[in-house]
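The basis for the numbers below is simple: all heavy atoms, side chains too, and nothing from hydrogens, waters or symmetry mates.
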Amino acid sequence: MTIRRGPKAPVEIPRGFLARLRVSADLTQVELAEEVETSLSTIVRSERNDQVSHDLAIALGASFSNLFGFEIDLRNKAEISRIDEHLQRGSRPVPDVPPSLPDIRTPPKQKMGDVNPTSGSIPIMPPGLNEDRATVGRDDDAKIVHDMMFSRLAKRDGTRIVLKGQGGIGKSTLGRYFISLYSGHFDGVWWLRSETERTLVADLCELGQTLGMSDRGNGPDAFARSVLVFLQSNTRNWLIVYDNAYNYEMLRRWVPSGNHVRLLFTSREASWPDNFVLIEVERLASEDALKLLLDTSNRTDIEPARRLSEALDGLPLAIVTAGSWLRRTPKTSFEEYLRELDTRIREAPTLANGYPLSVFGSLSLSFETLSPSAKRLMEYISFLAPDHIAPEIFFGLAGKDRGSDRYSDVHDMLWEAEKAPAVIETAITELEEKSLISRQSRSYRVHRLTQSVFRMTMPNPADAWNSTAGLVSASYPGKEPDGSIGARVDNRHVWPQCRKINPHVEHLFMHRVRHRTSIPFEYIINQAGIYLGYNRLSNIALRYSIEYLRRKKARLPRGHIEIGRGYHNLSYRFTPLGRAVWAEASARRAVEILRLNVDVPDSRRVRWLANLGHRIRNRANTYAPEQKHPLLSEARLVLHEAIRIIRASGNKHDINTGLVMNALGLVHESLCRLGAARLMFALAVKRTPDASGEKQMEFVTRISNLGRVEVKANRALEGKEHLGAAIAIREDAYRGNYAHPVLIANAMWLAVAERLLGDRAGVDALVERYGQHLDHKEIEERALSITNQNI
């Protein structure tokens, strides 16, 4: 006898709660409907009737959990009441138990308006933040920022200040100068590179690591959100700086709330929400510009220096660049430099119209006087991420095959760097002395305008871009061109290295030359896409995979096996985004290309067929039962084809056998053939050779599948053993994150097993351990259904 579960009753919510929660998340009704993939009328009706369907409650809870950074269950009345109290007070909801973190420091015992607090405590700050050279003419500006930040209005409504101005005017310098003067007012100061979402998230994760927080295996986005939750729920005074912010729509989900968190943005954009205070950063006053030029040039000729500083428009970047140039060429007068500057400005290309011409002229003059080695190094720096350029990246070619297409375009100077490091060190020193780069703790940074102007003036930017991709590929983990396997990207131990290199990959991606063949670029975006996929950064991983496939198709003949690999990888990128149809279509196209190539190794054939079978099964599960059976039958045929290849090769214990058996077990489970599914999963576990190394997560997936099917087949004792082993490994891997969805799914089936065995104490212990994520009622329903099916 089979018991069919009827539709669940709608979830009742307090009057106006859903609307308040939506407004707190800064979403319109249209945006919320798009977020949960439902119609606008459904959202309007739910807000009006103060009730939502069971399925919509789950979708809304997941969506708001992502937006606020902690679990929100709209089916939990106690949780809803607690959150609604915050909303009715006009504050954002916070988690019931804030993250447990060490006490940072004793708050300073002074009024926040005091200029020179005597706290005696040092705020938490990223290394190198205060290492700017002496700043001239910004004391009044820093005082204005201070007064706005600590005004009565700011204390009541929170502070969101934007330093707005054109490129090269010194917005970031002013931000750092403000910190150097007033950092004692804060318990923590953190600087976020906000030109892209990835750099912003990476810097939030670095803050979390500095605070001793654990990423819990959920990936960078979830870790960054947990850092924001800490900032919102902690009562200490923080200053968060968003440098080079240009798109508030991208930023807003990464901006903490709370009156104790002060926010400072630097931006060229003039369009910001009404609750932001815009401070226009002006050019330096004439006397300040003159002083800066005299200081940086180490000269005393006041009148000619005044004329030059006026020609440089009072822009600090242009003045510092010109002064550094004059300091290194003492025989050149201010008048001679001014004549050269006028020539450069008149000859400026049309593309330079978006830049201050004085900056363009001073930078192009400095580029002309660079030594060949410094000029070559600047070519690479122009295509790297502008912050955190570690010198080690220029020494990454040691032991690489110079004849490989991946590295062949890298310049001789970098190949010889290992034997003659002084060449690189001298070039870096020269660039630093000419103020083209600046030191940042153990790394360097370069102004984005400096990069842009140099890219504009170099003779062969496409060649330089490709050569930089080759240099970056030498530092990225993965397979070497000779076929040898180094540290694989699917090994979590290399992820810190990937995290360091990824900003450079993204910068190369932003400035990519679309019609240029580049094997090293194809390599790094493929490897970075795999890494990002493992870390649940699915959208940017998808962009990389699409670009990788586009380049393969442009470079190789139709039907080439490498194009098939592009489609194969693309199927993995679509899956976590819920695009089952596209994932299956990509896997199908990969197998079609596979069948056109007769010389492909059997191991690859088996992997791609297993992937196709798995994708067909995923699509089948999106349909009603009567529609899914033909697709599931097709998935079985594809997987049996993979098994025939394994048998024909004579290697039944091949590592890919476990992959096929696991996929076949999932198909049998979808067809409700639990005995066959259990046999396949058992074989898959047996064929997973290393349960503690690189294949550990594959092993735990297969053993949890086996345990789940055993429970469904009412073999609760065996299921309990296998699920318990899987949970033990996953709790260690996810570092105690009991909210991880895969861990919750395992715990639910383990609780069902305990219920079938009559161990109510075991069920209660699991529910207590996993809190609101496990529901006694659902456990009882699943156990009753299994019992009735097996009568």
Side-chain angles (χ1 to χ4, degrees), residues 133 167-168 195 296 317-318 320-329 340-341 344 348-349 351-352 355-356 359-397 409-417 420-440 443-475 501 503-505 507-508 510-513 520-521:
R133 296 177 181 179
E195 61 271 13
T296 53
L317 178 60
V320 169
T321 303
S324 301
W325 190 95
L326 288 162
R327 186 180 68 250
R328 289 177 60 87
T329 54
E340 287 291 329
L341 179 68
R344 293 298 179 280
L351 291 173
Y355 305 100
V359 172
F360 177 85
S362 60
L363 284 172
S364 59
L365 271 173
S366 289
F367 297 151
E368 283 187 4
T369 62
L370 290 174
S371 66
S373 58
K375 189 174 291 187
R376 182 67 65 183
L377 198 66
M378 194 66 204
E379 289 183 358
Y380 290 96
I381 290 174
S382 294
F383 285 105
L384 295 175
D387 296 286
H388 300 305
I389 303 173
E392 292 79 18
I393 197 169
F394 302 114
F395 297 90
L397 292 165
D409 291 329
V410 181
H411 193 264
D412 292 348
M413 181 184 76
L414 296 179
W415 282 105
E416 296 163 4
V423 176
I424 301 293
E425 292 164 3
T426 303
I428 289 176
T429 302
E430 181 182 346
L431 294 174
E432 189 178 8
E433 288 177 352
K434 290 191 174 181
S435 297
L436 296 176
I437 63 174
S438 57
R439 191 180 295 273
Q440 184 182 19
S443 61
Y444 292 87
R445 61 172 170 251
V446 59
H447 200 286
R448 292 165 188 83
L449 270 183
T450 304
Q451 289 182 304
S452 298
V453 173
F454 195 82
R455 287 195 299 266
M456 192 187 310
T457 56
M458 68 175 65
N460 296 303
D463 290 344
W465 169 82
N466 184 57
S467 186
T468 308
L471 179 67
V472 172
S473 74
S475 300
I501 304 296
H504 301 310
V505 177
H507 208 253
L508 284 162
M510 288 169 58
H511 298 284
R512 62 193 180 278
V513 182
F521 181 67

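- For Thr426, there are no side chain to side chain contact (heavy atoms under 4.5 Å, CB included) partners, not counting sequence neighbours.
- Of all heavy-atom pairs spanning Leu449 and Leu363, the tightest one is O-CD1, 4.0 Å.
- Take Glu416 and apply the salt bridge (charged side-chain N to carboxylate O under 4.0 Å, His left out) test, not counting sequence neighbours, and it matches no residue.
- Using a 4.5 Å heavy-atom threshold, the side chains of Phe394 and Leu384 count as touching.
- Counting heavy atoms from C-beta on, the side chains of Val513 and Phe521 never come closer than 4.5 Å.
- In terms of modelled atom types and a separation under 3.5 Å, the side chain of Thr296 and the main chain of Val320 share no donor-acceptor contact.
- When all heavy atoms of Leu508 and Trp465 are compared, the pair lying nearest together is O-NE1, 3.2 Å.
- Put simply, CE on Met378 and CG on Leu370 are 8.0 Å apart, with the number rounded to the nearest 0.5 Å.
- Atom-to-atom distance recorded for Leu471:CG and Asp409:CG is 12.0 Å, nearest 0.5 angstrom.
- Val505 is listed as a side-chain neighbour of Val472, based on a closest heavy-atom distance under 4.5 Å.
- For the pair Arg344/Glu368, a side-chain contact is recorded, criterion being any heavy-atom separation below 4.5 Å from C-beta on.
- Taking 4.5 Å as the limit, some side-chain heavy atom of Ile424 sits within range of a side-chain heavy atom of Met413.
- Ser467 contributes no side-chain N or O that, together with a main-chain N or O of Ala464, makes up a donor-acceptor pair within less than 3.5 Å.
- Closest heavy-atom contact between Ser475 and Gly396: OG-CA, 4.4 Å.
- Remark: Ile381 CD1 to Ile437 CD1 distance equals 4.5 Å, nearest 0.5 Å.
- Two residues are said to be in side-chain contact when any heavy atoms from C-beta on lie closer than 4.5 Å; His447 and Thr321 fail this criterion.
- Formation of a donor-acceptor pair under 3.5 Å by the Trp415 side chain with backbone atoms of Val410 is found in this model.
- Residues satisfying the side-chain hydrogen bond (donor to acceptor under 3.5 Å, both in side chains) criterion with Asp412, sequence neighbours excluded, are Arg402.
- Distance alone, capped at 3.5 Å, is enough to place a donor-acceptor pair between the Thr457 side chain and the Val453 backbone.
- A donor atom on one side chain and an acceptor atom on the other are found under 3.5 Å apart for Ser324 and Ser435.
- Residues passing the side-chain hydrogen bond (donor to acceptor under 3.5 Å, both in side chains) test with Glu392, sequence neighbours excluded: none.
- The pair Lys375-Glu379 does not count as a salt bridge, with every side-chain nitrogen at least 4.0 angstrom from each carboxylate oxygen.
- Minimum heavy-atom separation, Ala318 to Ser362: CA-OG, 3.5 Å.
- Between Phe383 and His511, the ring-plane angle classifies as perpendicular under the 30° and 60° cut-offs.
- For the side chain to side chain contact (heavy atoms under 4.5 Å, CB included) test, residues two or more places apart in sequence or in another chain that qualify with Gln451 are Pro386, Val446, Arg448, Arg455, His507.
- Taking every heavy atom of both residues into account, Phe454 and Ser382 meet most closely at CD2-OG, 3.2 Å.
- Between Lys434 and Thr369 the shortest side-chain heavy-atom distance falls below 4.5 Å.
- Within the 4.5 Å cutoff, the side chain of Pro421 has heavy atoms near those of the Phe395 side chain.
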Candidate pair Leu431 and Tyr444, rule side-chain contact (heavy atoms from CB on, under 4.5 Å), full reasoning: CA-CA 11 Å; Leu431 294 174; Tyr444 292 87; over 6 Å; no
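- Put simply, the side chain of Arg328 never gets that close to the backbone of Glu430: no donor and acceptor are under 3.5 Å apart.
- Thr450 is linked by a side-chain hydrogen bond (donor to acceptor under 3.5 Å, both in side chains) to nothing, counting only residues two or more places apart in sequence or in another chain.
- Nearest heavy atom pair, residue Leu341 against residue Gly361, reads CD1-C, 3.5 Å.
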